[in-house]
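Inspection log for the structure reproduced underneath, given as structure tokens.
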Amino acid sequence: MWKTFNTDGCCDPELHYMVDLSERLRAIKEMVDTGKYFTINRARQYGKTTTLIALADYLKQDYHVISLDFQAISYADFETEQRFVAAFSRELLDYFKYFPNNIREKLELYSKGASCEVTLSVLFRCLLEWCRVSEKKIVLIIDEVDSASNNQVFLDFLAQLRAYYLKRRRICTFQSVILAGVYDVRNIRRRLRPDDAHKQNSPWNIAADFDIAMSFSSDDIAGMLKQYENDYHTGMDIKKISGLLYDYTSGYPFLVSRLCKLLDEKLPGAELFKDKAAVWTPAGVSEAVKRLLSEKNTLFESLIGKLNDYPELKHMIYLLLFQGQTITYNPDDPQTDMLLMFGFIKVENAAVQIANRLFEVRLYNYFLTLPDVQNGDMYRFALLGKNQFVQNGKLDMRRILEKFVSHFDDVYGDQSERFIEEDGRRYFMLYLKPIINGVGNYYVESRTRNQERTDLIVDYLGEQFVIELKIWRGNSYNLRGESQLSAYLDYYHLDKGYMLSFNFSKKKEIGVRERKIGNKILIEAIV
């Protein structure tokens, strides 16, 4: 039986195509070997559990490994020390079978929860005794640790770990403790007092930094595709396809695996893809991207759910997407910290960017499909005129710009400069959406997104269009923009480019014109 691509739970190398984790595991083992206590914090579906399972197996030759999942302990079990000790003891007994007899007897007694005298201190004295008599050093791994972090008993549990860590030169304790989850338990925000006062309070300030990359590189993806190609012999260009998958996902593990799963299982036999050889092509990747962006899955639902739960995050994402504001990364800003923790953003050159192209498009789609937006005039005009913009399966981008200029001037021509500067680009994307919806995709080239310029890339049935959306800042600035666009067309191997300028000059001439710049053709629209 051949393997499959997996997006449901942890991956098994015997059953699933996986990237090679060996370098990551070696790097983590180095931290364990030196006695580090640390946290692994990544967004949802980032491969944490898969990594921890592989790590437990990787370490077992040199250590006794206890790998627990706090989701297996009910929230009620964290209400008192006795209940937590009982639940924790049961998990230990279920996971590990080779305790010394006296340790097993004590844990079995604690697991019954019958005595109110069995506290965290009693439990830890038992664990320390085990560490002392064990023939191998012991590593404790706890997954989904943040499921219980808003709890005083959990804080006390961390305090016990910290206390014995600080005494590790004088007593035998765990060789290493690894806590994994979305939230960083070093920065627990918890309601600790009945008067609703809040404070940051975590005893987990002993944790070492965990800087090991868990996202997939293009080479990682290529290694996984090579396994697949050895089974199916599709003839794919592995380097090109892995590069495309990375471009769309920035190596987010779930997104990479989901695209591969769609390519492997959903596209063969579809109208444009008669077999697997036809699927594993740039056109196949584009179709898989379109399907992924239109589906409901737990990752996207979590992403949008966080925006609805935290309006301040929603506002920051809006500024990034539509106004091109440069947001400098500030580790002390709680909003930025939350966006990073949830996986919305990444930090490059000290500035905040959307984490990957797929998130970006999904977020654009979210903001552009809100009821108050879709009920607007620009969306309605584009929807009504949709058929005139596609001829013989080809997207007529010039015609789109012509009609957009006309409709925008009719509806918003008398609006203030501030309105056009802040919302003009959003309205073009809103206008474009119903025209390409269901057939094409678009995304913003993050390297060029700023308050004055944004390059929009449109994919439509295998054809690409580059449209520079810019704020008019004078003729010399416009000439620089034309030069930049020409260079960008070279990058995409295109001979024709498009520019949409939002011009505030009273002497402007709205409309669309065609000009030649070197060996490139530029279609420029001015509103």
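- For residues 216-244, every residue pair satisfying the ring pair (Phe, Tyr, Trp, His ring centres under 6.0 Å) rule, not counting sequence neighbours, is listed here: Trp2-Tyr232, Phe5-Tyr228, Tyr17-Tyr228, Tyr228-Tyr232, Tyr228-Trp280.
- To the nearest 0.5 angstrom, Arg362 atom CZ is 14.5 Å from Ile354 atom CD1.
- Annotation for Leu358 and Leu293: closest pair O-CD2, 3.6 Å, computed over non-hydrogen atoms.
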Working for side-chain contact (heavy atoms from CB on, under 4.5 Å), residues Tyr246 and Tyr252: CA-CA 8 Å; Tyr246 181 82; Tyr252 198 112; over 6 Å; no

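- Between Phe465 and Tyr498, the angle of the ring planes lies from 30° to 60°, which puts this pair in the tilted group.
- Shown here for Val19 and Met224, the closest heavy-atom pair between the two residues is N-SD, 4.0 Å.
- A salt bridge between Lys290 and Asp459 is absent, with no side-chain N of the basic residue lying under 4.0 Å from a carboxylate O of the acidic one.
- Using a cut-off of 4.0 Å between Lys/Arg side-chain N and Asp/Glu carboxylate O, Glu402 and Arg398 are scored as salt-bridged.
- Remark: Lys240 NZ to Met236 CE distance equals 13.0 Å, nearest 0.5 Å.
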Tyr248 and Asn441: CA distance, side-chain angles, deciding distance, side-chain hydrogen bond (donor to acceptor under 3.5 Å, both in side chains) verdict: CA-CA 12 Å; Tyr248 278 106; Asn441 298 306; 5.5 Å; no

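- The closest side-chain heavy-atom distance from Arg42 to Phe210 is below 4.5 Å.
- A distance of 5.0 Å separates CG of Leu339 from CD1 of Ile317, quoted to the nearest 0.5 Å.
- The closest donor-acceptor contact from the side chain of Asp237 to the backbone of Ile241 lies at 3.5 Å or more, if one exists at all.
- Around the NZ atom of Lys386, the shell of radius 6.0 Å holds more than 12 heavy atoms that belong to other residues, nucleotides or ligands.
- For the pair Tyr364/Val444, a side-chain contact is recorded, criterion being any heavy-atom separation below 4.5 Å from C-beta on.
- Outside the 6.0 Å centre-distance limit, the rings of Tyr427 and Tyr379 are not counted as a close aromatic pair.
- Contact of the Leu384 side chain with the Arg380 side chain is registered, since non-hydrogen atoms from C-beta on lie closer than 4.5 Å.
- Checking side-chain atoms of Thr39 against main-chain N and O of Asn41 turns up no donor-acceptor pair under 3.5 Å.
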Worked verdict on Asn308 versus Tyr366 for side-chain contact (heavy atoms from CB on, under 4.5 Å): CA-CA 11 Å; Asn308 294 329; Tyr366 167 73; 2.9 Å; yes

Trace of the side-chain contact (heavy atoms from CB on, under 4.5 Å) decision for Asp220 with Glu23: CA-CA 11 Å; Asp220 288 332; Glu23 286 300 322; over 6 Å; no

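- Closest heavy-atom contact between Cys260 and Leu225: SG-CD2, 4.1 Å.
- Screening residues 261-275 for salt bridge (charged side-chain N to carboxylate O under 4.0 Å, His left out), with sequence neighbours left out, gives Lys261-Glu265, Asp264-Lys276.
- Taken to the nearest 0.5 Å, the CG atom of Leu494 stands 6.0 Å off from the CG atom of Leu489.
- Put simply, the side chain of Lys48 gets close to the backbone of Ala43: a donor and an acceptor are under 3.5 Å apart.
- A distance-only check finds a donor-acceptor pair linking the side chain of Asn6 to the backbone of Gly9 [under 3.5 Å].
- Between Tyr329 and Val352, the shortest heavy-atom contact is CA-CG2, 4.1 Å.
- Taking 4.5 Å as the limit, some side-chain heavy atom of Glu229 sits within range of a side-chain heavy atom of Thr234.
- Between Met31 and Ile212 there is a side-chain heavy-atom pair separated by less than 4.5 Å.
- Salt-bridge check for Lys496 with Glu463: failed, with every basic side-chain N at 4.0 Å or more from each acidic carboxylate O.
- Taking both residues in full, the closest heavy atoms of Gln45 and Pro253 are given as O-CB, 4.5 Å, listed atom of the first, atom of the second, then distance.
- A salt bridge does not link Lys226 to Asp231: none of the charged nitrogens lies less than 4.0 Å from a carboxylate oxygen.
- For Glu348 and Lys346, the salt-bridge test passes: some basic side-chain N is under 4.0 Å from an acidic carboxylate O.
- Taken from CD1 in Ile467 to CE in Met397, the straight-line distance is 4.0 Å, to the nearest 0.5 Å.
- By the 30° and 60° cut-offs, the orientation of the rings of Phe342 relative to Phe344 is perpendicular.
- Residues Ser22 and Asp20 have side chains that bring a donor and an acceptor to within less than 3.5 angstrom of each other.
- With respect to the salt-bridge test (charged N to carboxylate O, under 4.0 angstrom), the residues Lys3 and Glu14 do not qualify.
- Between Asn356 and the options Leu255, Asp247, Val361, a side-chain contact (heavy atoms from CB on, under 4.5 Å) holds for only Leu255.
- Note: Phe381 and Tyr431 fail the aromatic proximity criterion, with ring centroids not under 6.0 Å apart.
- The shortest side-chain heavy-atom distance between Met214 and Ile40 falls under the 4.5 Å cut-off.
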side-chain contact (heavy atoms from CB on, under 4.5 Å) evaluation trace for Lys470 with Phe502: CA-CA 6 Å; Lys470 63 193 296 291; Phe502 294 91; over 6 Å; no

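- Side chain of Thr281 to main chain of Ala278: a donor-acceptor pair is present (N/O by atom type, distance under 3.5 Å, no hydrogens or angles).
- For Tyr46 against Ser215, the heavy-atom pair with the smallest separation is OH-CB, 3.2 Å.
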From CA spacing to verdict: salt bridge (charged side-chain N to carboxylate O under 4.0 Å, His left out), Arg291, Glu287: CA-CA 6 Å; Arg291 293 196 182 200; Glu287 177 65 19; 3.1 Å; yes

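- Two residues are said to be in side-chain contact when any heavy atoms from C-beta on lie closer than 4.5 Å; Leu363 and Leu303 meet this criterion.
- A donor-acceptor distance shorter than 3.5 angstrom exists from the side chain of Arg24 to the backbone of Ala213, with no hydrogens or angles considered.
- Using modelled atom types, one finds a donor on one side chain and an acceptor on the other under 3.5 Å when comparing Asn297 with Glu295.
- More than 12 heavy atoms of other shown residues, nucleotides or ligands fall within 6.0 angstrom of atom CG in Asp309.
- A 4.5 Å side-chain heavy-atom check between Met378 and Tyr412 finds at least one atom pair inside the cut-off.
- Atom CG of residue Asp409 and atom CD1 of residue Ile510 lie 3.5 Å apart, to the nearest 0.5 angstrom.
- Without hydrogens or angle criteria, Ser501 side chain to Ile526 main chain gives no donor-acceptor distance under 3.5 Å.
- Judged purely by atom type and a 3.5 angstrom limit, Ser242 uses its side chain to pair as donor or acceptor with the backbone of Lys239.
- Asp69 is linked by a side-chain hydrogen bond (donor to acceptor under 3.5 Å, both in side chains) to nothing, counting only residues two or more places apart in sequence or in another chain.
- Judged by distance alone, with hydrogens and angles left aside, the side-chain atoms of Thr369 form a donor-acceptor pair with the main-chain N or O of Asn365 at under 3.5 Å.
- With hydrogens and angles disregarded, no donor-acceptor distance shorter than 3.5 Å links the side chain of Asp337 to the backbone of Pro334.
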